[in-house]
Amino acid sequence: MTRFLARRLLNYIVLLALASILTFTLTSLTFSPLDSLLERNPRPPQAVIDAKAAELNLDQPIPLRYADWVSGAVRGDFGTTVTGQPVSDELWRRIGVSLRLVLIGSVIGTIVGVVVGAWGAIRQYRFSDRAITMASLLVISAPTFVIANLLILGALKVNSILGVQLFEYTGETSSDAVGGWWNQFVDRVQHLVLPTFTLALASIAGFSRYQRNAMLDVLGQDFIRTARAKGLTRREALFKHGLRTALIPMATLFAYSVGGLFTGAVFVEKIFGWHGMGEWVIQGITTQDTNIVVAITVFTGVTILLAGLLSDVIYAALDPRVRVR
Amino acid sequence: MTDTEYRFVSRRTLVLRRFLRNRPAVISLAVLILLFVSCWVLPPLLPYSHTDLDYYALQQPPSTVHWFGTNSIGQDLLAQTLRGMQKSLLIGVAVAFISTLIAATVGAVAGYFGGWRDRALMWLVDLLLVVPSFLLIAIVTPRTRESGSILWLILLLSVFSWMISSRIVRGMTMSLREREFVSAARYMGVPHWRIIVRHILPNVASILIIDTALNVGIAILAETGLSFLGFGVQPPDVSLGTLIADGTRSVTTFPWVFLFPAGVLVLIVLCANLIGDGLRDAIDPAAQPRRRRR
Amino acid sequence: MTLLDVRDLRVEFPTDTETVAAVRGLSYHVDAGEVVALVGESGAGKSAGAMAVIGLLPEFASVSGSVKLHGDELIGLPDTQMSRIRGARIGTVFQDPMSALTPVYTVGDQIAEAIRIHHRGTGARQARTRAIELLELVGIAQPEQRARAFPHELSGGERQRVVIAIAIANDPDLLICDEPTTALDVTVQAQILDVLRTARDVTGAGVLIITHDLGVVAEFADRALVMYAGRAVETAPVAELYRSRRMPYTAGLLGSVPRLDAPRGERLVPIPGAPPSLAALPPGCPFHPRCPLAIDECRTAEPELVTVGPAHQVACINSDQVGGRSAADIYGLPPAPATADTAGTDGEIVLRVRDLAKTYPLTKGVVFRRRVGEVRAVDGVSFDLHQGRTLGIVGESGSGKSTTLHQILELAAPQAGSIEVLGTDVAELDRRGRRLLRGDLQVVFQDPVASLDPRLPVFDVLSEPLLANGSGKPDIEPRVAELLSLVGLRREDAGRYPAEFSGGQKQRIGIARALATQPKILALDEPVSALDVSIQAGIINLLLDLQERFGLAYLFVSHDLSVVRHLAHRVAVMHRGRIVEQGDSEAVFDAPQHEYTRRLLSAVPRHRPDAG
């Protein structure tokens with residue numbers, strides 16, 4: 001068992017390394033971080049440009065630069081940005097912001113999505129099921145940035161009807177928030193609601209569709225019939241036996257959904273003005289900063305792989321057939 | 001040996017019949033075809049092209065002159081939306097087809113042969129899932145120009161969207177491989193490639209068709225997302241994503257600049273998804289027919 | 001007082017094209033303590049007729065008629081009320097034990113649940129104890145430990161015992177068993193029938209058993225109802241039914257069942273044609289297209305059930321012509337062939353297997369896969385197959401018989417041992433040699449549905465082996481026509497798709513395909529197991545005829561001993577990868593030497609031979 005896990009871990013590390021090499025090479029080849037300097041008017045003296053180039057290791061061949069980066073990375077130092085700040089500090093700060101956003105949204109989204117999907121399957125073809133299916137389809141067909149803007153428009157309407165700024169849609173906190181602990185907390189929640197809801201909505205739609213289909217598959221299975229023959233009503237049989245069994249494929253969906261959450265977060269952060277990883281990666285690309293981009297690549301890679309591992313564990317927890325005694 | 005009384009209805013007719021009974025799917029198909037045709041046919045017929053600037057109507061809401069209104073520099077939004085649709089639809093359909101093709105090949109080979117081929121291909125799938133495709137596309141496309149960027153976009157999007165489909169194809173192939181008619185063909189001495197082409201692929205075809213339909217929606221969402229952030233379709237070229245990005249800046253004050261392209265986008269993807277769902281219900285023999293309620 | 005009284009039951013299913021009536025006016029009754037069997041082939045409507053009693057038909061089925069349990073009407077009851085009756089007054093045992101239990105709950109919990117649903121006040125521990133008692137009752141060893149196991153850790157037979165335990169947990173008045181032994185091995189079947197007998201004795205319940213196996217009916221049931229096309233066509237006490245059946249269908253059914261005491265090569269009585277599609281029933285008596293005694297009157301009106309003896313009813317206007325005649329007589333079959341088919345001079349050896357072995361690594365778990373050991377699927381198997389003769393390999397699931405067959409078919413060097421096909425050692429074959437040899441060794445599989453590509457028309461199906469063997473286009477067409485006529489199909493059938501044919505016809509196509517390259521050896525992997533008994537008889541006859549005509553050697557793998565009896569000259573009995581007994585079929589069947597063979601033979605449910 002441990003040998004198997006070790007092999008898997010090794011595989012992950014190799015994949016991560018490859019991903020980072022790929023990104024590093026690509027960015028090093030295509031980025032020219034000196035552009036911001038070169039485009040300044042008047043043009044700075046050559047000495048300054050050369051010094052900057054040396055600072056960014058631009059004179060060295062790519063493999064050497066990568067080796068340099070790796071030696072720093074394994075110690076937790078991801079180099080510096082083109083403006084000279086250490087990447088690691090900024091990285092952890094921004095991870096915190098993004099996590100606050102993504103975690104709540106994904107947890108709510110998953111749970112609500114599963115419940116909604118199960119409910120739809122039980123009331124198959126009735127009005128509530130049709131309504132839920134249609135709504136999920138609509139939400140899936142709309143990209144995050146459209147949903148976000150629509151929610152902002154809606155919030156505007158609500159705010160104007162109520163006369164008070166209930167929903168905030170810019171940033172994580174208000175710059176003029178005063179007062180004690182409670183006021184600060186309420187302020188944060190007001191800013192949290194819309195972006196979290198945007199992310200959650202997409203998750204809800206996706207999970208509910210998947211869960212509904214999984215439950216419908218389970219509906220036709222023999223053990224549901226046995227449960228009903230025991231004396232459980234149709235609804236009881238579906239909830240107690242069907243739902244529990246249909247949850248199993250959700251574990252695999254969870255692993256794949258993490259990637260989607262990150263891309264969703266990029267849009268949400270941009271539109272709602274949160275200073276998280278998503279905003280940072282766009283900034284990194286536009287300022288042509290290799291270190292930022294590669295650091296984010298490694299971070300997302302690690303998270304995806306962790307999510308995969310987590311989903312394997314969840315799968316084993318849900319399905320006794322795959323457990324190893 | 002007496003004959004049986006089985007009435008023959010070809011599978012294709014059955015599938016078609018069931019699809020046609022699904023009203024939302026049929027309507028979606030009609031709408032999508034309409035959109036497809038109109039975005040290429042309509043522009044020459046309109047008074048304003050997407051590059052014309054009407055200085056007398058800056059940031060105007062929809063009117064009889066400009067049906068969708070105008071943006072801040074006076075461009076007619078209807079013309080712009082149609083032009084954006086062209087790009088998005090083109091990219092979406094192209095990517096869907098190419099990625100399904102790749103998924104079918106990889107999945108069939110991996111599922112049928114197993115062994116080292118399977119392991120190698122699945123490892124490749126894992127790698128591509130870990131690599132941040134978003135970032136890579138975002139890095140490459142801004143550096144290409146006009147028509148080149150469209151091609152690169154299609155290429156890169158296709159390369160990064162076939163992975164999950166190939167897993168599904170692989171699963172199906174593996175279960176088909178165990179089916180007796182494949183074993184029978186093997187024991188009859190039929191060569192491998194022939195078995196894949198004649199036996200495996202036609203039986204996987206239904207999944208592939210559904211997949212293509214759904215991939216169109218996914219591809220369009222990916223492209224508009226990238227364009228929204230400034231990484232996909234490059235200016236001065238127009239896509240629904242760039243239009244929505246422009247609209248987002250003034251969404252609270254001039255909502256129509258955002259609403260029209262966004263609405264069209266959601267409509268297209270919704271239709272693609274409804275068609276995909278309709279196909280799935282029509283093809284899957286286990287799908288319950290709609291019955292009266294208890 | 002009658003326990004269960006069913007009157008004029010009708011069950012209809014809407015389909016894509018029209019409404020299909022699966023049950024058309026079925027009436028029967030079950031008394032406390034008696035066992036009533038609903039017998040019939042696939043499509044007869046027996047499952048629907050029983051599922052309607054407990055209200056577990058699909059939502060879109062419409063049910064009418066009357067079903068009374070102890071005088072209380074069951075049809076039309078809402079789900080909540082039916083749920084109180086299900087599991088408490090009616091217990092159900094289903095067909096496939098492998099999927100009947102929820103995979104995520106332990107076995108003990110599932111039994112305890114059955115108790116706690118109907119006795120709300122029962123505590124968890126009390127229910128637990130009772131569950132363990134029930135497990136012991138149904139014969140599960142170490143019940144306290146087994147109660148904590150998950151369904152996937154139990155064998156098929158054990159799972160079925162658990163299902164029976166759940167069914168009798170609340171001491172029901174009626175026990176409904178839908179093909180409870182069909183999916184199980186022969187020895188396990190016998191055990192489960194014993195458990196059912198115990199269950200009946202302990203609860204005093206009336207039992208309604210649905211089955212297509214006439215042997216099970218003979219051994220277990222008191223009364224039987226023969227169903228055809230959704231109606232009862234004959235009903236009688238079992239002994240009376242076997243002794244003096246009066247419906248031509250029943251006679252044909254009894255005549256088509258292979259028997260353990262029949263001489264090898266005896267032709268069975270197939271009923272021509274196939275059961276009608278319920279969507280397109282012929283006018284009048286639904287059996288008349290296949291009935292040898294049909295007259296004009298049969299086409300006009302469907303006969304009613306008429307009493308012809310004590311508790312004996314028949315739905316046939318010609319029933320008096322059936323009594324006292326053998327099925328072969330009624331169906332006009334020629335008498336058994338005169339050719340003395342006993343052990344004469346054996347032909348040359350076409351297949352020689354020595355010490356064949358195959359082991360599989362065992363991996364546990366889908367996610368964290370690891371090797372936990374190995375399975376010796378085939379463990380030193382040796383036998384010879386002679387030209388023109390049949391070797392039957394018999395065994396239950398897991399015995400390794402199918403693996404042996406597939407090992408031979410691979411035509412590659414085995415893990416251990418040697419295989420010689422037509423004098424050539426397969427280990428020495430190169431690719432070309434293998435391809436050539438394939439023409440002489442062909443295979444027929446068990447499932448006619450799965451062994452034909454649903455997307456190819458019959459012509460392509462039959463021409464595939466010819467093309468693979470290098471035949472040219474002009475040769476193929478006449479050969480396909482020839483093959484079709486060989487197996488009793490028509491030229492026009494070449495343009496149709498497999499889905500349009502019945503199970504028996506599909507299997508004929510499979511046999512035709514196997515004969516395409518004029519092989520010398522035919523490997524048959526359970527070729528008739530998936531077919532109805534009357535159709536099976538036709539296929540067995542066909543195989544016997546083809547063997548005589550072409551001098552084919554058959555390697556016949558099956559779990560059904562009676563079928564093997566009819567076909568095999570020599571028999572090899574496999575158990576856990578080894579051949580425990582091998583010899584001439586008469587010797588093995590009539591005087592078995594090995595303990596396992598004896599156990600196998602005694603487990604086969606016997607029914608009395610056809611009268612007349």
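Proteins come first, then strands; the chains are lettered A, B, ... in the order of their sequence lines, and each starts at number 1.
The contact between B:Arg167 and chain A is made entirely by side chain atoms (from C-beta outward), counting heavy-atom distances below 4.5 Å. Of the two parts of A:Ile140, the backbone and the side chain both hold a non-hydrogen atom closer than 4.5 Å to a non-hydrogen atom of chain B. For A:Leu15, the parts lying under 4.5 angstrom from a heavy atom of chain B are both the backbone and the side chain. Using a 4.5 Å cut-off between heavy atoms, B:Ile220 makes no contact with chain A at all. Looking at B:Ile268, neither its backbone nor its side chain comes within 4.5 Å of chain A, counting heavy atoms on both sides. Contact of B:Leu270 with chain A is made through backbone and side chain together, with heavy-atom distances under 4.5 Å. Residue contact with chain B, scored on non-hydrogen atoms closer than 4.5 Å, involves the side chain of A:Leu305 exclusively.
Between B:Phe258 and A:Ile152 there is no side-chain heavy-atom pair separated by less than 4.5 Å. The shortest distance between side-chain heavy atoms of A:Leu22 and B:Leu127 does not fall below 4.5 Å. In this structure the side chain of A:Phe145 never reaches within 4.5 angstrom of the side chain of B:Thr248, judged on heavy atoms.
Across every non-hydrogen atom of A:Val146 and B:Ala262, the tightest pair is CG2-CB, 4.0 Å. Pairing each heavy atom of A:Ile285 with each of B:Ala138, the nearest pair is CD1-CB, 3.7 Å. Across B:Leu265 and A:Pro143, no two heavy atoms sit closer than the pair CD2-CG, 3.5 Å.
Of the listed residues (B:Leu274, B:Leu267, B:Ile218, B:Asn273), the one with the most heavy-atom contacts under 4.5 Å to chain A is B:Asn273. The greatest number of non-hydrogen atom pairs below 4.5 Å with chain B, out of A:Thr144, A:Val14, A:Asn11, A:Thr286, is found for A:Asn11. In terms of heavy-atom pairs under 4.5 Å with chain B, the best-connected choice from A:Leu137, A:Leu156, A:Val281, A:Leu16 is A:Leu137.
A tilted orientation is assigned to the rings of A:Phe267 and B:Phe228, their planes being inclined by 30° to 60°.
When the heavy atoms of residues 295-303 of chain A are compared with those of chain B, the residues falling under 4.5 Å are A:Thr297, A:Gly301, listed by number.
To the nearest 0.5 Å, the span separating CG on B:Asp126 from CD1 on A:Ile304 amounts to 11.0 Å.
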